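Data first, discussion second: the structure below is written as structure tokens.
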Amino acid sequence: MLLPVDSEHYLEVSAEVMGALREQPGATVQVLGWDEAFVGIATGDPEAYARALQAAVMARTRLNCSVGIGDTLVRAKVATGFGKPRGVFRLTADNWLEVMGDRRTADLWGIGAKVSKRLAGLGISTVAQLAATDPAELVGEFGPRMGPWYAELGRGEGSRVIDDTPWVARGHSRETTFQRDLVEPAEIEEALRVLVAHVLEDVATEGRPVVGLTLKVRYAPFLTKMFTRKIPVTADPTEVLARALDLATRIEPDRPVRLLGFRAEMTMPEGTPATSTPPPEAGGDGPP
DNA sequence: TCTGGGGTCCTAGGACCC
DNA sequence: TCTGGGGTCCTAGGACCC
């Protein structure tokens, strides 16, 4: 059975959940998505604190949740999986290898199917093997940042800092998979205009100008292309649309289009770090 | 998983400049 | 004119997560 998405309601409830977390004494809350957050706290009895969190969320929203306790963000995040459903689990330097050592690298937060396969090609299949790997050995395969970061993940190490500064989106995008492939240039252009309008609505609520565009095109079987372009800073929707239509000239004619996507990148507010210095916590902590 | 949508970050290669 | 090295910017593509 399929139910329609009610994102407005989810957002409301999400805000209630986060509100309940923030009310806890001493809590620093870093939202990870609609249904997930890090809570920073120093306490002698983390399990009791976790139960209190669950009770608070339940009282306010009648929703259950699981809590992972950890001494790093990665360990806490992974621990949450063991807490499900409705439970609490603690994962620290003391039991990390005991619990995770024999598991596949893909069980780590930040390592997916592709990377775990490449790791296996290097003879690294388990978390314990990854943990024992010299970070420098992974640079050749994964590059100077990702290589060492994967080794760190294997050990469960990494940031311990909960950052509660509000999320600031780098950009906004919309994409649509069409029920029927588009072929006529006119209907492709019309679809793009609709996408651009939606994206610009989202951008307008942020009040920041646009600095870059990406056009995503999925052709008939499943070939996806993306065209990206920096543009001179502008807050003018007409200007953005014109640039978008110009990008669209790169769509191959006479080729059925199954999906069209459009993304606008905005300037970041003053005081926002231009690039995040620490290693990626995981691509894409979604917005609250 | 024969394929939804909205995000983020990293890497490689080419262009350009000094 | 050719050669070389190093830095920065841009674009395309890949990977991951919720």
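When reading the values below, keep in mind they use all heavy atoms of this one structure, side chains included, and skip hydrogens, waters and symmetry mates. Note on naming: letters A, B, ... go to the chains in the order of the sequence lines (proteins, then strands), and numbering restarts at 1 for each one. Since we're looking at a predicted model, the values are computed, not measured.
- Between the CZ atom of R118(A) and the C1' atom of dA15(C) there is a distance of 9 Å, rounded to whole Å.
- Across all strands, L108(A) comes closer than 4.0 Å only to sugar-phosphate atoms, never to a base (heavy-atom distances).
- In terms of phosphate contacts, W109(A) brings a side-chain nitrogen or oxygen within less than 4.0 Å of OP1 or OP2 of dC18(C).
- Proximity note for R170(A) (side chain, C-beta onward) versus dC10(C), dC9(B), dA15(C): the nearest is dC9(B).
- Distances from the side chain of T177(A) to the nucleotides dC16(C), dG5(B), dT11(B) place dG5(B) closest.
- The side chain of T224(A) places no N or O atom within less than 4.0 Å of a non-bridging phosphate oxygen (OP1 or OP2) of dG13(C).
- Under 4.0 angstrom from either OP1 or OP2 of dG7(B) there lies at least one side-chain N or O belonging to H172(A).
- R218(A) comes within 4.0 angstrom of nothing in the nucleic acid, heavy atoms only.
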Next item on the list: Verify side chain to side chain contact (heavy atoms under 4.5 Å, CB included) between R243(A) and R229(A), making sure each step is shown before the conclusion.
Entry: CA-CA 9 Å; R243(A) 301 258 181 202; R229(A) 183 179 290 173; 5.6 Å; no

Check: Run the salt bridge (Lys or Arg N to Asp or Glu O under 4.0 Å) check on E201(A) and R174(A) step by step: do they pass?
Finding: CA-CA 11 Å; E201(A) 278 176 29; R174(A) 289 293 176 97; 5.8 Å; no

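- The nearest whole Å value for the distance from the CH2 atom in W149(A) to the C1' atom in dG14(C) is 14 Å.
- OP1 or OP2 of dC18(C) sits under 4.0 Å from a side-chain N or O of K77(A).
- Cluster membership check: L192(A) shares its hydrophobic cluster with L241(A), using side-chain heavy-atom separations under 4.5 Å among Ile, Leu, Val, Met, Phe, Trp and Tyr.
- Between the CD atom of Q30(A) and the C1' atom of dC18(C) there is a distance of 14 Å, rounded to whole Å.
- Using a 4.0 Å heavy-atom distance criterion, G261(A) is classed as making no nucleic acid contact.
- Of the listed nucleotides (dA12(C), dC16(C), dT3(B)), dT3(B) has the atom at the smallest distance from the side chain of R258(A).
- Distance, Y10(A) OH to dC18(C) P: 18 Å, rounded to whole Å.
- Of the side-chain N and O atoms in S173(A), none sit less than 4.0 angstrom from OP1 or OP2 of dG6(B).
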Note to self: Under the criterion side chain to side chain contact (heavy atoms under 4.5 Å, CB included), I'd like the reasoning laid out for D163(A) against T28(A): C-alpha separation, chi angles, the key distance, then a yes or no.
What the structure shows: CA-CA 8 Å; D163(A) 179 3; T28(A) 305; over 6 Å; no

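- Taking a centre distance below 5.5 Å and an interplanar angle below 30 degrees as the stacking criterion, F222(A) does not stack against the six-membered base ring of dC2(B).
- Whole-Å rounding puts the E141(A) CD to dT11(B) P distance at 12 Å.
- Residue P221(A) is out of contact with every strand shown, counting any heavy-atom pair closer than 4.0 Å.
- A sub-4.0 Å separation between OP1 or OP2 of dT8(B) and a side-chain N or O of R145(A) is absent.
- Distances shorter than 4.0 Å separate some side-chain N or O of K225(A) from OP1 or OP2 on dG13(C).
- Taking atom CZ of F262(A) as the reference point, atom C1' of dG7(B) lies 16 Å away to the nearest angstrom.
- Figure legend. dC18(B) is base-paired to dG5(C); pairs are counted as Watson-Crick or G-U wobble with both atom distances under 3.5 Å.
- The nucleotide whose nearest atom lies closest to any side-chain atom of R229(A) is, among dT11(C), dC18(C), dT8(B), dT11(C).
- The pair E252(A)-K225(A) does not meet the salt-bridge criterion, since no charged nitrogen lies less than 4.0 angstrom from a carboxylate oxygen.
- Considering only the side chain of K230(A), dT11(C) comes nearest among dG7(B), dG5(B), dT11(C).
- Comparing dG7(B), dT11(C), dG6(B) by their closest approach to the side chain of R263(A) singles out dG7(B).
- Whole-Å rounding puts the I111(A) CD1 to dC18(C) P distance at 14 Å.
- Using a 30° and 60° split on the angle between ring planes, Y150(A) and F142(A) fall in the perpendicular class, above 60°.
- For CZ of R160(A), the number of neighbouring non-hydrogen atoms (other residues, nucleotides, ligands) closer than 6.0 Å is greater than 12.
- What separates CH2 of W34(A) from P of dG5(B) is a distance of 14 Å, to the nearest Å.
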